[in-house]
> 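One structure, pasted below without further comment.
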Amino acid sequence: MVLDAVRTAFEKGLLPSNQVPEFEVETPKYEGQGDFSTNFAMVSAKLQKMAPAKIAKSLVESMSDSTHTHLGPVLEKIEVAGPGFINFFLSPGAWHPVVDQVLNQDASFGASAMGRGQLVQVEFVSANPTGPLHVGHGRGAAVGDAVGNILSFAGFDVQKEYYINDSGRQIRTLGTSVWLRLQQMQGKTVDFPQDCYQGDYIRDIAQEVFATRGKDLADADEKQGIEICARFAAGKILAGIRSDLDDFGVRFDNWFSEQSLYDSGRVQTAIENFKEKDLIYEKDGALWFRTEKFGDEKDRVVVRNNGLTTYFASDIAYHDEKYERGFDRVIDVWGADHHGYIKRIDAAVVATGRKSEQFDVILVQLVNLLRDGNPVQMSTRAGEFVTLKDIVDEVGKDAARFMFLSRSYDSGLDFDLELAKKKSSDNPVYYVQYVHARITGILNKAKDEGLIDQTDFKTGSHLEKLVAEEELKLIKLIAGFREQVEKSAETLHPHVIFTYLMTLASAFHAYYNHHKVIIADKPLSLARLSLVLAVKKVIRNGLALLGVSAPERM
RNA sequence: GCGCCCGUAGUGCAGUGGAUAGCACGUCAGCCUCCGAAGCUGAAGAUCGCUGGUUCGAUUCCAGCCGGGCGUACCA
């Protein structure tokens, strides 16, 4: 249409040139600036050697002349504004079908085909099974889970995975810790080293292992004993992690064992393959992977001079295995303290023949735990931490998840325990959930009064009655939901959905305070009920992406 | 030193290559005989860290600098 106008204007001699630079058509930031707007006049100012406002004026005149058929039911008004924007205003009737769409598509409204079924794996949490999950893991869990949900809604085929570090030194240390506590329980005086896990849960596990495996332990020497303790403890802790995540609403499609990479020989194979390609060399008795060739600062050790493999070795094998499983794209969610690891893994991914674009790392900045504004020191080793379970038990799953997703993971997050524990209206989750509960209340009342047969229906009625400013604002917001889902999926930023929900909730609350839904004018009332039901569904769909429930009442 | 992230209102954070920089909390003033006041309306509050550059136009992109966080192992 704009192009048409340019041609017409040129032919009529209003513009000196018919060349068309790159321009954009977008939704303006503020109300009163139309539904679509283009910066065409501004970007072509140089080319046309004319003032943007003058170009815009010529274009609008041409459009009114040549495309008058477009004006009418859909297009209401075209105007020139600001430094030369051309704003297009749609008529209310153009928006009404959106309400029907929401009611019809229900839980799938907002879904997108953007991902074209691409296989994506999101790996997150992946905490070592050496202690319970703490608050920091909670943020990673909330982010990973939400990213998975959003990608899936945006048309990707998503698998969520947890990588279990069930081999290596930490597990041995865990075994030793339990073993030593066991010795202490039996009255032996043993030194409990600093680098062992200090938490009370180690004692609990020691008691359990004694109760269930005491007989085997009695016959075991120290090495066997530690092995038994390690396996028992890891299993026990992992079960706890699973259950904590379950309470947090996070479910994984797959739990992948690091040990299995060793058992199947994949780690060894990966190293051999790299050796053959001359990507691994020996120095000082250790094996080094040439990560520097792939942009890392320096080469990294995969096998130490004592013959033991590093974590990096199994990570190479692990990522290779992921792509071999058929994933087009792999996303790892890590804590910010692991950022130095990105280049390394990226190098491994590229070295096995994949493209760097197929690998993404979401770096979640650290959670700063506070209590009444004062920092809480946390260390797994010292056994002093606030667990994810503590948080969920005290503030609830919904509030915790919403809090974690309320801001970009690019920023550090202050999580104040006392504040989070407060069930006050400070918590934004109530603001959004309240909309859902409020609308449920309205629909129930409408049903009681016989206005509607059921509180859920698929077709709106008398939608043409929705002409109030607040109503159109709501409809336009609803219409933009899918765009937000796509934006969120593209940027891998779940807080986009959070911000959207807050905006939608705010618009609804304002509407509610200005207009009654259940009124004497029955057609208008039915139209408003349709709108309100649509809002309810969008709120529910959005909350679902974040893993937050949409309560019928609160 | 090097690398990553952040610097926007009193506080915590959104946002954008363009037209009036938003939200929440906090402060002040209002709104329930009326579908849920966990809500709404209004007011006050910001030289978008600093300096350059690219651009018709920069808070947004780039470079440098200054602050803050994190990392920088043959640890995991």
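Everything numeric in this text was worked out from a predicted model, so none of it was measured. Proteins get letters first, then strands, A, B, ... in listed order; numbering begins at 1 in each.
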> Which residue lies toward the 5' end of RNA chain B, E258(A) or S37(A), if each is placed at its nearest nucleotide?
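That would be S37(A).
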> Should we count CD of E79(A) as having more than 12 external heavy atoms under 6.0 Å?
yes
> Using the six-membered ring of F508(A), assess whether NZ or CZ of R438(A) lies under 6.0 Å from its centre and within 45 degrees of the ring axis.
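No, R438(A) and F508(A) do not form such a contact.
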> If the condition is side chain to side chain donor-acceptor pair (under 3.5 Å), which residues does R344(A) pass it with, not counting sequence neighbours?
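Counting only residues at least two positions away or on another chain, R344(A) forms no side chain to side chain donor-acceptor pair (under 3.5 Å).
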> To the side chain of N87(A), which of A37(B), A76(B), A19(B) is closest?
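Nearest to the side-chain atoms of N87(A), counting from C-beta on, is A19(B).
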> Starting from C1' on A76(B), measure out to CD1 on I345(A) and report it in whole angstrom.
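In whole Å, A76(B) C1' and I345(A) CD1 are 12 Å from each other.
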> Please list residues of residues 503-515 of chain A whose heavy atoms come under 4.0 Å from any atom in RNA chain B, ordered by number; otherwise none.
H509(A), A510(A), Y512(A), N513(A), H514(A), H515(A)
> Please give, in whole Å, the distance from A76(B) C1' to N128(A) CG?
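So the two atoms are 6 Å apart, to the nearest Å.
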> May I ask you to test the V364(A)-F124(A) pair for a side-chain heavy-atom distance under 4.5 Å?
no
> Regarding A437(A), tell me which of base, sugar-phosphate or nothing describes its non-hydrogen contacts under 4.0 Å with the strands shown.
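Base, at least one base atom sits under 4.0 Å.
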> Using the criterion of both pairing distances under 3.5 Å for Watson-Crick and G-U wobble pairs, give all stems of 3 or more consecutive pairs involving RNA chain B.
B:1-7 with B:66-72, B:10-13 with B:22-25, B:27-31 with B:39-43, B:49-53 with B:61-65
> With a 4.0 Å heavy-atom cut-off, tell me which residues in residues 526-539 of chain A come close to RNA chain B, sorted by residue number.
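Heavy-atom cutoff 4.0 Å gives no residues at all.
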> What distance, rounded to whole Å, do you find between the two P atoms, one in G64(B) and one in G10(B)?
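About 30 Å, rounded to a whole number of Å.
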> Are the side chains of L103(A) and K537(A) in touch, meaning some heavy atoms are under 4.5 Å apart?
yes
> Applying salt bridge (Lys or Arg N to Asp or Glu O under 4.0 Å), name anything that partners D166(A), two or more places apart in sequence or on another chain.
none
> Could you grab the distance from atom CZ of R300(A) to atom CZ of R290(A), nearest 0.5 Å is fine?
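Spacing of CZ (R300(A)) from CZ (R290(A)) equals 15.0 Å.
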> Which atom pairs link the protein and nucleotides 10-12 of chain B when you take only N or O atoms and keep those under 3.5 Å?
| residue | atom | partner | partner atom | Å |
| --- | --- | --- | --- | --- |
| G12(B) | O2' | R407(A) | NH1 | 2.8 |
| G12(B) | O2' | R407(A) | NH2 | 3.3 |

> Looking only at atom P, what distance separates A46(B) and U8(B), rounded to whole Å?
14 Å
> List the atom pairs, with distances to 0.1 Å, where a side-chain N or O of residues 513-532 of chain A and a protein N or O form a donor-acceptor pair under 3.5 Å, not counting sequence neighbours.
| residue | atom | partner | partner atom | Å |
| --- | --- | --- | --- | --- |
| N513(A) | ND2 | H509(A) | O | 2.9 |
| H514(A) | ND1 | A510(A) | O | 2.7 |
| H515(A) | ND1 | R528(A) | NH2 | 3.4 |
| H515(A) | NE2 | E470(A) | OE1 | 2.9 |
| D521(A) | OD1 | L524(A) | N | 3.3 |
| S525(A) | OG | V517(A) | O | 2.7 |
| S525(A) | OG | I519(A) | N | 3.4 |
| R528(A) | NE | E471(A) | OE2 | 2.7 |
| R528(A) | NE | Y511(A) | OH | 3.4 |
| R528(A) | NH1 | K516(A) | O | 2.8 |
| R528(A) | NH2 | E471(A) | OE2 | 3.4 |
| S530(A) | OG | S461(A) | N | 3.3 |
| S530(A) | OG | L526(A) | O | 2.9 |

> Between M502(A) and D410(A), just flag the one whose closest nucleotide in RNA chain B comes earlier from the 5' side.
D410(A)
> Does a salt bridge link K536(A) with E552(A), judged by any charged N lying under 4.0 Å from a carboxylate O?
yes
> Counting only distance, no hydrogens or angles, is the base of A76(B) paired donor-acceptor with the side chain of D315(A) under 3.5 Å?
no
> To the nearest Å, how far apart are E449(A) CD and C34(B) C1'?
13 Å
> Can you figure out which of C35(B), C6(B), A19(B) approaches the side chain of K516(A) most closely?
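For the K516(A) side chain, the nearest candidate turns out to be C35(B).
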> Can you sort out the partners of E449(A) under salt bridge (Lys or Arg N to Asp or Glu O under 4.0 Å), two or more places apart, ordered by chain and number?
K445(A)
> What residues form a salt bridge (Lys or Arg N to Asp or Glu O under 4.0 Å) with K236(A), not counting sequence neighbours?
E208(A)
> Over how many whole Å does the gap from I442(A) atom CD1 to C34(B) atom C1' extend?
13 Å
> Output the single nucleotide from C35(B), C40(B), A19(B) whose closest atom is nearest the side chain of Y431(A).
C40(B)
> Quick one, give me the B/S/- string for nucleotides 70-75 of chain B, reading 5' to 3', where B means a protein heavy atom under 4.0 Å from the base and S means that only happens at the primed atoms, P, OP1 or OP2.
BS-SBS
> Does any donor atom in the side chain of Y281(A) or D299(A) lie under 3.5 Å from an acceptor atom in the other side chain?
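Yes, a side-chain donor-acceptor pair sits under 3.5 Å.
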> For a quick test of reading the model, state the closest non-hydrogen atom pair linking Y163(A) to L261(A) and the distance between them.
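Of all heavy-atom pairs spanning Y163(A) and L261(A), the closest is OH-CD1, 3.7 Å.
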> Determine whether T310(A) and R304(A) satisfy the following criterion, side-chain contact (heavy atoms from CB on, under 4.5 Å), listing intermediate values before the conclusion.
CA-CA 7 Å; T310(A) 60; R304(A) 290 184 268 165; 3.9 Å; yes
> Whole-Å distance between G3(B) P and D346(A) CG?
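In whole Å, G3(B) P lies 17 Å from D346(A) CG.
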> Please state how far atom OH in Y409(A) lies from atom P in C13(B), giving the value in whole angstrom units.
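Interatomic distance, OH of Y409(A) to P of C13(B): 17 Å.
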> By a strict heavy-atom criterion of less than 4.0 Å, which residues belonging to residues 474-500 of chain A are in contact with RNA chain B?
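By residue number: K487(A), H495(A), T499(A).
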> Heavy atoms under 4.0 Å, any strand shown: does L287(A) hit a base, just sugar-phosphate, or nothing?
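No contact.
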> Going by the rule salt bridge (Lys or Arg N to Asp or Glu O under 4.0 Å), which residues pair with R266(A) if we only count those two or more places apart in sequence or in a different chain?
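Here the qualifying residues are D320(A), E324(A).
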> Since syn is defined as within 90° of 0, does C32(B) count as syn or as anti?
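Syn, angle within 90° of zero.
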> S488(A) and Y500(A): side-chain donor and acceptor closer than 3.5 Å?
no
> Does a side-chain heavy-atom distance below 4.5 Å link L287(A) with E282(A)?
yes
> Under a 3.5 Å threshold, yes or no: a donor from one side chain and an acceptor from the other, between D398(A) and Q433(A)?
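Checked: D398(A)/Q433(A) side chains pair up, N/O donor to acceptor below 3.5 Å.
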> For I362(A) and C5(B), give me the distance from atom CD1 to atom C1', rounded to whole Å.
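Computing the I362(A):CD1 to C5(B):C1' distance gives 15 Å.
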> Please state how far atom CZ in F402(A) lies from atom P in C23(B), giving the value in whole angstrom units.
17 Å
> What is the minimum heavy-atom distance between V367(A) and F415(A), and which atoms define it?
CG1-CB, 3.7 Å
